[in-house]
Amino acid sequence: MLGEGILKGMAETARNFAGSFVFKDRLTTVEYPEERIAPAEAARVFPFLVYDSKNPADTADWEAGMRCVACQICEKECPPKCIFIEKSKDKKPDALGKPQFYPTRFDIDVSVCMSCQICVEVCPFEAIKMDTEFELATDDRFGGLLLDREQLAKSNEYYHEIHPTEAAEVDARLAGEKAKVDAKAKAKAAAPALTQAIPQEGAGD
Amino acid sequence: MIATMDQIFVLFQHWLVSFLPASLQPLAIVLLSVVAIVCVFPGLFALTTVLERKGLGRIQNRLGPNRVGPYGILQPIADGIKSLTKEDIVPSSANAPVHFLAPVVLVVAVFMGFAVLPMGRNMVLVDMDAGLLFFFAMGASTEVSVFMAGWSSRNKYSLLGAMRAVAQMISYEVVLLLSSVAVVMISGSLSLTKIVEAQNHYSGIFPHWYIFTPWGLAGFVMYAIAATAETNRSPFDLPEGESELVAGYHTEYSGFKFALFFLGEYLAMFSISGLGTTLFLGGWTAPFSFLVWVPSWIWFFSKLMLSIFVFIWMRGTLPRLRQDQLMNFAWKFVLPFTLLNLMVTALWRFLGDGWERWIFCSAILIAAYVLMGRVGMYREHFGPRRYRYAE
């Protein structure tokens, strides 16, 4: 009959109106600054650089433990070109004790970054991961949004905190690689005469 | 005590005026009433804006404004300060005097309507013999201001909005008048106080409001539809339709002039709800005979706010009509039904006091409603829309 649909609609809105005072599912608002929802595990905002730390409470050794070896793959793959890396001249030992290059500068312009996660996917060293931090508003739109090495460096523990499943997988993979390297080194030590002449570079693969 | 509470504003007014010399008293009484109207209704407007936003929020499963003051009730103050301090922009190609006058004319014309509304026993500014006529004359002149605003802005959106507004308001003005004529036919008076008095009787505990008769209910529904369209409220908010026309006729208005338009829209809503209350809902009379001790002005304003709540409820429910749907609805459904209602009212008047008139009048109206609905929807195919080009 004429007007039936209007009455049905009015009943639905009335249910919403009255229900919002009683039922939680009729009032889904979360009042953001005061209360907030924990981000989903797969949430991603902008990339950060992972470093391994002996002492998780101490953030001073971010530079020593940084996994990045300044290979610049992410810089080349980044679609909006928001990453800027300067490679070091010298080498420093990485987490496996092997001498590696390191970034003397690693900047990400988060005003340009489009959160595509391609840098994370191409990184062979598990050094760059996606953060869930989104409250990056600043009053300096150029300098404030250009994050440098120190601002980007977050510990592996922090990574475990925000993406536990993914971080566990990464750790397992890294441990496997380390075991492989150790086994090779042991084999080398067992047969010193044979490997004497072979240069050391091949050991890391 | 009960009589005092009922007449408290009238007595207060007379007490204030008694300090003046006798020659000035008539003028002072009118001035005081005007000041009261000019203060009360904008206050009600401020309250309604925040209640509307909160109500709409609840309807849409969210909280609505709650940051300014406790539960956000100070929001209208913040909005008022904002609109007062905003820059007042007049487009360089606009017709400046008309552009300035439009919001002023709107608010003045809308305020005039309140002059004849009885807001309580003995609480009417001017008890005119042709109060209803005066009200409609003032209501019709708001169309002028809307068109002034649209035309003087020299903006396509404004002009389109104004043209829509005038087409819509003139179409529904007819319905508004004709649905009120039914009340005049029964009460035999154009005076709004007499119309309220005519409804101020009780059978047992139930009042003789006109809405409780078949023609009164039909007339009230038609009146409510026309009133919604007259005040440009959703679902008839085509003149400002922000998704199509930016803001319609007040696109080029900013700052306090825009606030005046906003005020005018809400005041029109109040005045037209007040008239609907007076005509069909018994004005300031109590809904049950055992509640007559409650002051009459409380009943008037409760009924007014109830109507406003229904306006807000409809706004939260219904999507906007298309222009052709709006016109078809006015001329093909509402107007014929209102004309039929006039005849039914005449029948009611001359069938005497028996029970037959209840059955006759109800049967005619229900049959007409069902029939018109069937005929109107005969060619309409409801359900999911299929796009043939995509197959």
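Everything numeric here is computed off the predicted structure, so don't read it as measured data. In what follows, chains carry the letters A, B, and so on, assigned in the order in which the sequence lines appear, proteins first and then strands, with residues in each chain numbered from 1. All values below come from the heavy atoms of this structure, side chains included, with hydrogens, waters and symmetry mates left out.
- More than 12 heavy atoms of other shown residues, nucleotides or ligands fall within 6.0 angstrom of atom OH in Tyr369(B).
- Remark: Glu4(A) CD is loosely packed, at most 12 non-hydrogen atoms of other residues, nucleotides or ligands lying under 6.0 Å away.
- Atoms CD1 and CZ, from Ile312(B) and Phe17(A) in turn, are 9.0 Å apart once rounded to the nearest 0.5 Å.
- The backbone N or O of Ser20(A) sits less than 3.5 Å from a side-chain atom of Arg58(B), completing a donor-acceptor pair.
- Taking both residues in full, the closest heavy atoms of Trp313(B) and Ala14(A) are given as CZ2-CB, 3.5 Å, listed atom of the first, atom of the second, then distance.
- Within a 6.0 Å sphere centred on NZ of Lys332(B), other residues, nucleotides and ligands contribute 12 heavy atoms or fewer.
- At most 12 non-hydrogen atoms from other residues, nucleotides or ligands lie less than 6.0 angstrom from CZ of Arg141(A).
- In this structure, chain A has a heavy atom under 4.5 Å from the side chain of Leu318(B), while its backbone stays farther away.
- For Lys86(B), the NZ atom counts as loosely surrounded, since its 6.0 Å shell holds 12 or fewer non-hydrogen atoms of other residues, nucleotides or ligands.
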Inset, instruction - Test side chain to side chain contact (heavy atoms under 4.5 Å, CB included) on Asn66(B) and Glu31(A) and set out the steps. - result: CA-CA 10 Å; Asn66(B) 62 352; Glu31(A) 290 186 76; 2.9 Å; yes
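- Expressed to the nearest 0.5 Å, how far CD1 of Ile59(B) lies from CD of Glu12(A) amounts to 11.0 Å.
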Legend entry - Leu27(A)/Asn61(B) under side chain to side chain contact (heavy atoms under 4.5 Å, CB included): CA gap, chis, key distance, verdict: CA-CA 5 Å; Leu27(A) 190 64; Asn61(B) 298 351; 5.5 Å; no
